[in-house]
Undergrad: 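Here it is: the structure, laid out below.
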There are 2 protein chains.
Amino acid sequence: MLCNGPVSDKVRKRVEAAMARLDYRPNLAARRLRSQHTDTIGLIVSDIRNPFFTAVSRAVEDEAYRNGMRVILCNTDENPDKEAMYLRLMQEERVTGVIFAPTRQMVASIDPQALGFPVVMIDRVSADAATDAVVLDNRRAAAQLVGHLLQQGYRDIGGLFGNTSNTGMERHAGFSEALQQAGLAAPARFVAPSVEAAEQAVLQWLAEPARPQALLVSNGVLLLGAVRALKSAGLHWPQDVALVGFDNEVWTDLLGDGLTVVEQPVNEIGRTAMAMLLERLDEPERSQRIVVLQGKLVVRGSSLTL
Amino acid sequence: MLCNGPVSDKVRKRVEAAMARLDYRPNLAARRLRSQHTDTIGLIVSDIRNPFFTAVSRAVEDEAYRNGMRVILCNTDENPDKEAMYLRLMQEERVTGVIFAPTRQMVASIDPQALGFPVVMIDRVSADAATDAVVLDNRRAAAQLVGHLLQQGYRDIGGLFGNTSNTGMERHAGFSEALQQAGLAAPARFVAPSVEAAEQAVLQWLAEPARPQALLVSNGVLLLGAVRALKSAGLHWPQDVALVGFDNEVWTDLLGDGLTVVEQPVNEIGRTAMAMLLERLDEPERSQRIVVLQGKLVVRGSSLTL
DNA sequence: GTGAAAGCGCTAACAA
DNA sequence: TTGTTAGCGCTTTCAC
């Protein structure tokens with residue numbers, strides 16, 4: 001024990017001996033009750049199996065344990081009822097703070113004041129959110145992908161976005177703006193954030209006569225669905241359709257000549273979220289901050305010139 | 001509130017009104033301290049980013065929340081010191097029980113009696129473990145893969161295994177036995193359980209003059225390394241080398257004609273582990289049980305006849 | 001059916 | 001420097 005309070009060596013020895021003899025373990029529930037700090041944070045995401053959240057979670061946990069905190073992980077499946085339930089649980093746990101990737105419905109109604117603990121939103125925010133946040137520069141990232149496709153000569157570009165998160169909306173905005181600026185149409189479709197929904201949507205879209213030459217897909221989960229759709233339709237990229245997306249997952253450089261993606265700084269997102277939470281605890285009254293991180297365009301074969 | 005104790009409707013109304021008015025939230029720390037049950041389980045795995053553990057964790061959490069329990073997730077990075085640290089933390093939390101994927105060093109030294117809570121091991125066990133466990137039939141699964149390769153005409157088969165887990169040892173045993181029974185050599189290599197270590201090992205192995213015709217790789221993480229090695233060496237399967245492995249990850253059917261793998265029943269593993277823990281809490285004295293689940297051989301192009 | 005009181009295992013505050 | 005005490009917010013028990 002490194003704790004050097006005002007105790008003589010003799011007493012310390014005696015106490016430590018007793019601790020060892022009795023195999024003593026402090027009771028954290030009692031400590032939390034008495035000291036009124038739980039050293040526990042909540043991490044609420046839609047699904048830990050989404051590799052983006054897996055990676056962010058791991059970074060958050062590392063950072064949390066490094067700061068002597070524990071984390072309670074909650075999966076909401078993009079379900080606002082579950083979100084509300086878990087927020088309530090966090091109150092009952094008297095957590096120190098929460099890191100939260102909310103759905104679109106929830107994002108504006110989160111009130112840290114009412115909740116009783118600070119909240120840092122990750123991945124998803126909106127202008128009217130009342131909390132700190134760390135997000136990707138989604139508009140710019142989407143615009144970068146569009147810019148790259150334009151540069152490669154594509155003109156007929158479609159976008160596929162998730163319909164539950166603000167992130168999807170932001171990426172759609174960046175996508176639309178970039179195409180509008182180029183004087184082009186910006187056909188977009190919105191689907192539930194699942195591999196299956198994306199697969200079906202892409203399958204259908206590409207079977208239509210006016211199918212796009214290139215497809216921008218809004219996240220790693222949907223991108224997997226798109227890849228499955230192309231595979232099952234026997235289509236190849238970039239010949240039949242160019243494909244770009246978000247999230248540099250482990251398999252994106254393994255397929256053919258690789259998929260062009262925007263890589264999110266997942267570790268930095270997790271670390272920053274945790275750091276912001278700690279700063280907020282230090283200074284409860286500081287004004288709200290939103291940290292915007294830049295993605296990294298990783299160009300691979302799926303988007304090159306025909 | 002559905003709790004119907006011996007209270008009159010009048011009082012109940014009054015109390016519920018007060019709860020609503022004060023926005024009351026029970027303090028779980030206080031409840032745990034007084035009631036002496038935490039309704040919390042620990043889940044200790046090597047790394048949540050390993051998709052096998054991601055999937056199992058999600059299943060465990062769903063099952064836990066369904067039973068009114070919370071779960072504390074710990075990543076050990078296959079480091080015995082971290083394992084010990086987290087077990088100690090679990091004691092301080094007074095957890096109801098722990099689900100644990102231990103390293104080889106740790107597996108035999110876990111004593112639930114001394115720890116003070118029941119333990120269910122997942123993924124990894126040994127004969128001398130003193131706890132309940134749920135595992136894959138690793139020997140049989142490895143033997144199945146070998147059998148499949150033999151049937152496809154391969155004779156020169158190498159095996160790559162992780163060197164920190166008992167699982168790797170079991171799969172190696174099944175691999176060796178199956179090849180010995182066929183009167184063939186069973187060249188095997190052991191590496192740290194990381195993508196990079198596997199990539200390097202495979203790269204080196206395939207550069208040797210006596211390189212195998214087929215490679216069996218012991219888990220999804222190593223398999224990814226092997227795929228990267230083949231790709232960077234410009235080798236193709238099954239022509240240059242056949243490839244089979246464990247864990248049916250999302251990308252395994254996307255590469256070329258697909259990778260032949262044994263799929264683990266990840267959801268069932270998680271659910272079963274949780275169920276065994278609950279049963280053990282119900283009947284502390286029942287004898288130790290090990291549930292052995294069967295994998296499913298998924299044959300794809302990477303192992304077909306030349 | 002209801003209210004009062006004790007005490008879970010700690011920490012913080014105070015007295016010696 | 002050390003020992004004592006009160007009390008965190010619940011649940012359990014017991015008296016009414």
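Order of the sequence lines fixes the chain letters, A, B, ..., with proteins taken first and strands second; residue numbering starts at 1 for each chain. Only heavy atoms go into these numbers, but all of them, side chains included; no hydrogens, no water, no symmetry mates.
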Undergrad: Using heavy atoms to find the nearest nucleotide of DNA chain C for B:Arg14 and B:Leu33 separately, return the residue whose nucleotide is more 5′.
TA: B:Arg14

Undergrad: Compute the ring centroids of A:Tyr86 and A:Phe100, then answer whether they are less than 6.0 Å apart.
TA: no

Undergrad: Provide the closest heavy-atom pair for B:Thr96 versus B:Pro118 in the form atom of the first, atom of the second, distance.
TA: O-CD, 3.3 Å

Undergrad: Do B:Glu93 and B:Thr40 meet the criterion of a side-chain donor-acceptor pair at a distance under 3.5 Å?
TA: no

Undergrad: Whether A:Glu283 and A:Arg289 form a salt bridge (side-chain N of Lys/Arg under 4.0 Å from carboxylate O of Asp/Glu) is what I want to check.
TA: no

Undergrad: Whole-Å distance between D:dG9 P and A:Arg31 CZ?
TA: 18 Å

Undergrad: Whole angstrom is fine here: how far is it from CZ in B:Arg94 over to P in C:dC10?
TA: 6 Å

Undergrad: Roughly, in whole Å, what's the span from CD in B:Glu93 to C1' in C:dC8?
TA: 16 Å

Undergrad: Would you call B:Asp62-B:Arg66 a salt bridge at under 4.0 Å N-O?
TA: no

Undergrad: What N/O pairs connect the protein and nucleotides 12-16 of chain D at under 3.5 Å? Give each pair on its own line.
TA:
none

Undergrad: Under a cut-off of 3.5 Å for both distances of each Watson-Crick or G-U pair, what dot-bracket string does DNA chain D give, using [ ] for crossing pairs and | for inter-strand pairs?
TA: |.||||||||||||||

Undergrad: Measure CG/B:Asn27 against P/D:dC10 and give the value in whole Å, please.
TA: 5 Å

Undergrad: For residues B:Pro112 and B:Ile110, report the shortest heavy-atom separation together with the two atoms involved.
TA: CD-O, 3.6 Å

Undergrad: Under a 4.5 Å cut-off applied to non-hydrogen side-chain atoms, are A:Asp123 and A:Ser165 in contact?
TA: no

Undergrad: Are the side chains of A:Val45 and A:Thr76 in contact, using a 4.5 Å heavy-atom criterion?
TA: no

Undergrad: May I ask you to verify if any side-chain N or O of A:Gln36 is less than 4.0 angstrom from the OP1 or OP2 atom of D:dG9?
TA: yes

Undergrad: Shortest non-hydrogen contact from A:Arg25 to B:Arg94?
TA: O-NH2, 2.9 Å

Undergrad: Find the distance B:Glu92:CD to C:dT11:P and express it as a whole number of Å.
TA: 11 Å

Undergrad: Mind calculating the distance between CG (B:Asp39) and C1' (D:dT11) to the nearest angstrom?
TA: 14 Å

